[in-house]
Amino acid sequence: MPYYRSVGQVPHKRHVQFRKPDGGLYREELMGTEGFSSDSALLYHTHAPTDVVAVDTWDIPGQDATPNHPLKPRLVLTHKVDEGGDAVTGRRLLASNQDVRVSYVAAHRPSPLYRNAMGDEMYFVESGTARVETVFGVLEVGPRDFVIMPTSTTHRWVPTGDEPVRLLIAESTGGIRPPKRYLSARGQFLEHSPYCERDLRAPSEPFVVEGDDAEVTDVDVYVRHRAGGTRYTYAHHPFDVVGWDGQLYPYAFSMDDYEPIIGRIHQPPPTFQTFEAPGFVICSFVPHKVEYHPDAVIVPYNHANVDSDELMFYVEAAGGARAGHGIETGAITWHPAGFIHGPHTNELEKSVDAYNSGRIEIKNLRAVMIDTFRPLDLGEATLASEDSDYLASWRNA
């Protein structure tokens, strides 16, 4: 994270005696990335965070993936993925490679406590509301929020509305951060960045679960790691942190706070980049003024994605959809590396006519794009919910 926060009670120096009201010592936990060589947070627990009373295997279903062979574009209709379950055990795999696993879930019940020991996670809230309880505190989130969850952060998702909370999830094998070009050498957002520190919402106070009943003793935490899944049972609830400080913590950022950068002619996707991670990037396409060159073409040019698989998740149904294949809310277009794609001929001509007549002033697209730099394999949820005739929409394109 690019800047320091301090929440709750912390002593005046690190690694010194910090006593509870009864005279006992709080237990420190250093959460650090890249060993002791990068961002970290120092948390102060009431109980020892190492007090494990049982360990068992957690069998994570639906983890297998198959190559995209023969190579072809896909249209995935995520709203055909069954609702139910929770944001941890109910997520369904859409795509994966060595760097990222992309999943989707429509969760209607609280998740178990969970942490990912492999890397950061990005959650995008398509719809619904939720309370994200973490060892750092609580985040209240809703439609079009991104939530960045640092690796090994114990947390759970609690839906708070009448409808399920629909989440697009990217599980990284490393950190998920703002692009380096947006930051100064000291980590401050620069003036040309499309968002800044004021747009990020982090926990503002501790969230402590207290008591001695069954809900706060012998507590299960589900952990994803490189060998699979493990369920730890802890003697005390991990939400016993009275304070923390540092530059590693979960935060939320609304897509609506992303300030688009426009130009006289069509801007490429990196203009809309929001986050970067090892092996992939995440972009936010938001409403913005059309290009203003007198001969501008305001739809994307054909491109081959020579090095990238492109997943475009439509937050809202898209106008100008390909003939016979509507791009509905929650749809994902998957255009793999090596497949040339772009606007349909009719869409190209109609957009130019509308631009020349002044009928288009704002592009109303809302979408999240995940571009990977290694090929993606097909998850079971993609095979179960794709439009198998999508390839036909490219004829005469």
Side-chain angles (χ1 to χ4, degrees), residues 73-79 124-127 142-146 166 168 192-195 199 253-274 281-305 308 310-335 339-371 387 389-397:
R74 311 272 174 170
L75 174 60
V76 183
L77 305 175
T78 63
H79 286 195
F124 179 78
V125 183
E126 177 197 338
S127 62
R144 298 193 292 276
D145 274 340
F146 291 98
R166 293 182 173 273
L168 178 72
H192 67 265
S193 172
Y195 62 101
D199 298 318
F253 166 65
S254 173
M255 170 187 271
D256 295 339
D257 287 328
Y258 186 93
E259 303 301 335
I261 299 169
I262 62 170
R264 290 214 313 155
I265 59 175
H266 182 78
Q267 299 298 296
T271 307
F272 297 88
Q273 187 179 344
T274 312
V281 299
I282 300 169
C283 299
S284 300
F285 294 99
V286 298
H288 60 279
K289 281 187 170 293
V290 298
E291 294 78 8
Y292 52 93
H293 187 284
D295 295 322
V297 177
I298 62 172
V299 294
Y301 36 78
N302 294 308
H303 51 290
N305 277 25
S308 297
E310 173 195 291
L311 298 183
M312 182 81 84
F313 177 82
Y314 287 84
V315 182
E316 296 174 350
R322 309 191 69 80
H325 296 268
I327 306 300
E328 61 189 49
T329 298
I332 293 175
T333 55
W334 179 341
H335 299 139
F339 178 79
I340 301 171
H341 61 285
H344 195 278
T345 298
N346 292 336
E347 182 184 1
L348 179 63
E349 301 295 345
K350 287 179 180 179
S351 68
V352 170
D353 290 343
Y355 177 75
N356 289 339
S357 65
R359 298 197 307 273
I360 296 180
E361 295 184 0
I362 300 290
K363 291 183 178 179
N364 283 314
L365 174 67
R366 282 190 175 88
V368 174
M369 187 176 76
I370 300 175
D371 261 12
D387 179 344
D389 294 328
Y390 179 58
L391 182 63
S393 73
W394 290 93
R395 295 172 189 151
N396 300 317

Determine the minimum heavy-atom distance between [X] and [Y], stating which atoms define it.
X    : Y    : result
S351 : I360 : O-CD1, 4.4 Å
Y258 : S284 : CE2-O, 4.0 Å
N364 : P287 : OD1-CB, 4.1 Å
A367 : M312 : CB-SD, 3.7 Å
A317 : T329 : N-OG1, 3.1 Å
H266 : I298 : ND1-O, 4.0 Å

Look at the rings of H335 and H341 and say which category their plane angle falls in: under 30° parallel, 30 to 60° tilted, over 60° perpendicular.
tilted

Between [X] and [Y] (side chain of the first, backbone of the second, donor and acceptor by atom type, cut-off under 3.5 Å), is there such a pair?
X    : Y    : answer
Q267 : I265 : yes
S127 : P143 : no
Y195 : T274 : yes
S308 : E310 : no

Kindly indicate, with the supporting measurements, whether the criterion side-chain contact (heavy atoms from CB on, under 4.5 Å) is fulfilled by R359 and K350.
CA-CA 11 Å; R359 298 197 307 273; K350 287 179 180 179; over 6 Å; no

Sub-4.5 Å side-chain heavy-atom contact between K363 and E291
yes

Answer yes or no: is there a side-chain heavy-atom contact under 4.5 Å between T333 and Y314?
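With C-beta onward as the side chain, the pair touches.
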
Please evaluate residues D389 and L75 with respect to the criterion side-chain contact (heavy atoms from CB on, under 4.5 Å), reporting the C-alpha separation (whole Å), side-chain torsions for both, the decisive distance (0.1 Å), and the verdict.
CA-CA 9 Å; D389 294 328; L75 174 60; over 6 Å; no

Begin from the C-alpha positions of M255 and F146 and carry the test side-chain contact (heavy atoms from CB on, under 4.5 Å) through to its verdict.
CA-CA 7 Å; M255 170 187 271; F146 291 98; 4.1 Å; yes

With a 4.0 Å cut-off on N to O distance, would you call E126 and R366 a salt bridge?
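So E126 does not pair with R366 through a salt bridge.
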
Among I332, T78, L311, find the residue that satisfies the side-chain contact (heavy atoms from CB on, under 4.5 Å) test when tested with L168.
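Going through the options one by one, the only one that passes is I332.
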
Apply the test side-chain contact (heavy atoms from CB on, under 4.5 Å) to residues V368 and V315: give CA-CA distance (whole Å), side-chain angles for both, the deciding distance (0.1 Å), then the verdict.
CA-CA 7 Å; V368 174; V315 182; 4.2 Å; yes

Sequence-distant partners of I340, side chain to side chain contact (heavy atoms under 4.5 Å, CB included), two or more places apart
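So I340 forms a side chain to side chain contact (heavy atoms under 4.5 Å, CB included) with N302, A304.
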
Just jot down the side chain to side chain contact (heavy atoms under 4.5 Å, CB included) partners of D353, sequence neighbours excluded, or say none.
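Not a single residue meets the side chain to side chain contact (heavy atoms under 4.5 Å, CB included) criterion with D353.
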
Flag yes if more than 12 heavy atoms outside I262 fall under 6.0 Å of its CD1 atom; otherwise flag no.
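Atom CD1 in I262 is packed in, count exceeds 12.
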
Among all residues two or more places apart in sequence or in another chain, which pass the ring pair (Phe, Tyr, Trp, His ring centres under 6.0 Å) test with F272?
F285, H288

Got a second to check how far F339's CZ is from H303's NE2, nearest 0.5 Å?
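The NE2 atom of H303 is 10.5 Å from CZ of F339, to the nearest 0.5 Å.
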
Atom CE of M369 and atom CD of Q273: how far apart are they, to the nearest 0.5 Å?
8.5 Å

